[in-house]
Asks: 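Sharing a structure with you now.
Only this structure's heavy atoms are used, side chains among them; waters, hydrogens and symmetry mates stay out.
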Amino acid sequence: MNNTVYLDNSSTTAVCERSIEYISHTLSENYGNPSSLHIMGLNAETELIKARSAVAGLLSCREDEIIFTGSGTEANNTAIFGAAKARRKRGNKIVTTAIEHPSVLEAVKLLEDEGFDVIRLSPNQDGIISEQDIFKAIDEKTILVSIMLVNNETGAIQPVSAARTAIERKQAPALLHCDAVQGFGKMKISPASLGVDLLSASAHKIHGPKGIGILYKKKGIHLPPLLVGGGQESGMRSGTESVPLIAGLRGAIESLPKTHEKIKELRDYAADLFGGQSFAAINSPEGALPYIINISIPGYRSETLLHFLEAQGIYVSSGSACAKGQGSYVLRAMGLSSERVDSALRISFSRFNEKSDIERLFDSLKKAKDTLRSSK
């Protein structure tokens, strides 16, 4: 695998050394149940406290506002179903966007089937939701607004705080939820500055383990839990906590780079390479989070390109990993042509990438263009 070029980091990342170290130590040495009252249990609970403190420090929030979940998807589901149930006596309107992660879109679809009025805002051609559209959509019957921070396919940063302004001006009883999975650990995030009541994140996008997510729940916000039983996580997520994975999350947070300048340099380098070519088109806006750049190679289907690149030891994606290879609903919502949508590739970086990785990708795509039969 030494010759591998991995540029699919928005799907998942390689687990960093410190995370592996913490996971291994907890599995082998500190394996007590954090709910147990003996010393082994107390030692395990200490691991939870340390990790909760690390997350709270990264988000500039209170430690008792952090709930550990089994994934970002579970965090999104807990927030959306909980908010709808908690506020349904005060209205029946939910405002979200057409470009959310499937764990949000499918959750609100189920609520719509139950009778909730769901508004899905479409982005402009840059993949960004208009602040004016957000303001128009929210009214006195709105009980939940869910807007992602960073789109997982284009990297477009969404105006989440505009929703808080609209909620206050319209005097809506809405809770504001933000899926921050793609932004967590990659940009400065504060629930207070965003104005959100609920925020979701995940460990495996920042070189932590899979199977551990985070839900920020603002102090004083009451939600019914999805899982009941032992009352763990302040009653919000019953079930014995996965201490090894939570310790791995802490290791990932402690290993985060102090600057993201390298990622910006990689993104700018890729934009310069592909932006100067007639065979490629860039779908991400200029102000996108630099960890993601979405491009199209019109005339060549994404799936064909993916397999060609895989044979060269290069790994990218055609969009969200949860889309299972289907055409991008995000790019369609942006109004891009079918030719652009069907030939889209998402390139996503981590601190382990180098410019040489982008050069190999570029050279391989030029080779693909000369080798593969056009779908036109």
Asks: Are Tyr22 and Val55 co-members of a hydrophobic cluster defined by side-chain heavy atoms under 4.5 Å apart?
Replies: no
Asks: Are Ser364 and Gln312 close enough that a side-chain donor and a side-chain acceptor fall under 3.5 Å?
Replies: no
Asks: Within a 6.0 Å radius of atom CD on Glu63, are there more than 12 heavy atoms belonging to other residues, nucleotides or ligands?
Replies: yes
Asks: Are Tyr6 and Val316 packed together at the side-chain level, in the sense that at least one heavy-atom pair is separated by less than 4.5 angstrom?
Replies: no
Asks: Do Val108 and Val95 land in one hydrophobic cluster if side-chain heavy atoms of ILVMFWY residues count as linked below 4.5 Å?
Replies: no
Asks: Can you find a heavy atom in the side chain of Asn152 that is under 4.5 Å from one in the side chain of Ile99?
Replies: no
Asks: Are Leu121 and Leu105 grouped together when hydrophobic residues (ILVMFWY) are joined by side-chain heavy atoms under 4.5 angstrom apart?
Replies: yes
Asks: Report yes if some heavy atom in the side chain of Arg250 is under 4.5 Å from a heavy atom in the side chain of Arg52; otherwise report no.
Replies: no
Asks: Is it the case that Thr259 and Glu261 place a side-chain donor and acceptor less than 3.5 Å from each other?
Replies: no
Asks: What's the separation between atom CG in Leu198 and atom CG in Asp179, rounded to the nearest 0.5 Å?
Replies: 12.0 Å
Asks: How many angstroms lie between atom CZ of Phe116 and atom NZ of Lys109, to the nearest 0.5 angstrom?
Replies: 14.0 Å
Asks: Which is it for Asp363 and Arg360 under the side-chain contact (heavy atoms from CB on, under 4.5 Å) test, yes or no, and what are the steps along the way?
Replies: CA-CA 5 Å; Asp363 291 342; Arg360 273 190 59 189; 5.9 Å; no
Asks: Above 12 or not: heavy atoms from other molecules or residues under 6.0 Å from NZ of Lys141?
Replies: no
Asks: If you draw a 6.0 Å radius around CZ in Phe352, do more than 12 non-hydrogen atoms from other residues or ligands fall strictly inside?
Replies: yes
Asks: Using a 6.0 Å cut-off, check whether atom CD1 of Ile39 has over 12 heavy atoms from anything other than its own residue.
Replies: yes
Asks: Taking atom types as modelled and ignoring hydrogens, do the side chains of Thr97 and Glu100 form a donor-acceptor contact shorter than 3.5 angstrom?
Replies: yes
Asks: More than 12 heavy atoms of other residues, nucleotides or ligands under 6.0 Å from NZ of Lys218: yes or no?
Replies: no
Asks: Do Thr73 and Asn76 get their side chains close enough for a donor-acceptor pair, meaning under 3.5 Å?
Replies: no
Asks: If we check side-chain contact (heavy atoms from CB on, under 4.5 Å) with Val145, which of these qualifies: Ile119, Ile138, Leu175?
Replies: Ile138
Asks: Walk me through whether Ile67 and Arg237 qualify under side-chain contact (heavy atoms from CB on, under 4.5 Å).
Replies: CA-CA 8 Å; Ile67 299 159; Arg237 208 271 185 177; 4.2 Å; yes
Asks: Determine, stepwise, if the pair Leu336 / Asn283 fulfils side-chain contact (heavy atoms from CB on, under 4.5 Å).
Replies: CA-CA 9 Å; Leu336 297 186; Asn283 303 320; 3.6 Å; yes
Asks: Could you verify whether a donor N or O on one side chain and an acceptor N or O on the other, from Arg351 and Asn9, lie under 3.5 Å apart?
Replies: no
Asks: Do Ser190 and Cys61 have side-chain heavy atoms sitting under 4.5 Å apart?
Replies: no
Asks: Report the C-alpha separation of His177 and Ser200 in whole Å, then their side-chain angles, then the decisive distance to 0.1 Å, and conclude whether the side-chain hydrogen bond (donor to acceptor under 3.5 Å, both in side chains) test is met.
Replies: CA-CA 8 Å; His177 166 250; Ser200 307; 2.9 Å; yes
Asks: Is there side-chain contact between Leu249 and Phe68, with heavy atoms separated by less than 4.5 Å?
Replies: yes
Asks: Does a donor on one side chain and an acceptor on the other come within less than 3.5 Å for Asn30 and Asn43?
Replies: no
Asks: Is there a salt bridge (Lys or Arg N to Asp or Glu O under 4.0 Å) between Asp342 and Arg332? Walk through the geometry before answering.
Replies: CA-CA 10 Å; Asp342 293 342; Arg332 292 190 197 282; 3.6 Å; yes
Asks: Check whether the side chains of Tyr329 and Glu153 place a donor and an acceptor atom closer than 3.5 Å, and report yes or no.
Replies: no
Asks: Working note: Arg90 + Glu140, criterion salt bridge (Lys or Arg N to Asp or Glu O under 4.0 Å); need CA distance, chi angles, decisive distance, verdict.
Replies: CA-CA 9 Å; Arg90 303 175 67 178; Glu140 68 281 358; over 6 Å; no
Asks: Answer yes or no: are there more than 12 heavy-atom neighbours, outside His222 itself, under 6.0 Å from its atom NE2?
Replies: no
Asks: Using a 4.5 Å cut-off on heavy atoms from C-beta on, say whether the side chain of Leu306 contacts that of Ser318.
Replies: yes
Asks: Determine, using the 4.5 Å side-chain heavy-atom cutoff (strictly less than), whether Val341 and Phe279 are members of one ILVMFWY cluster.
Replies: yes
Asks: From Tyr300 OH over to Thr371 OG1, what is the distance, rounded to the nearest 0.5 angstrom?
Replies: 9.0 Å
Asks: Quick check on the hydrophobic clustering: are Val5 and Tyr291 connected, directly or via other members, by side-chain heavy-atom contacts under 4.5 Å?
Replies: yes
Asks: Check the side chains of Thr12 and Lys210 for a donor-acceptor pair under 3.5 angstrom, ignoring hydrogens and angles.
Replies: yes
Asks: Taking atom CD of Glu114 as the centre, report whether more than 12 heavy atoms of other residues, nucleotides or ligands fall under 6.0 Å from it.
Replies: yes
Asks: Do Lys264 and Asp268 meet the salt-bridge criterion of a basic N to acidic O distance under 4.0 Å?
Replies: yes
Asks: Step by step, work out the salt bridge (Lys or Arg N to Asp or Glu O under 4.0 Å) result for Asp197 and Lys217.
Replies: CA-CA 6 Å; Asp197 302 298; Lys217 182 172 72 70; over 6 Å; no
Asks: Decide yes or no for Gln182 and Lys205: does some side-chain heavy atom of the first lie under 4.5 Å from some side-chain heavy atom of the second?
Replies: yes
Asks: For the pair Thr26 and Tyr31, evaluate side-chain contact (heavy atoms from CB on, under 4.5 Å) and give the outcome as yes or no after the intermediate values.
Replies: CA-CA 6 Å; Thr26 308; Tyr31 49 82; over 6 Å; no
Asks: Less than 3.5 Å apart, any donor N or O on the side chain of Ser11 or Asp8 sitting next to an acceptor on the other?
Replies: yes
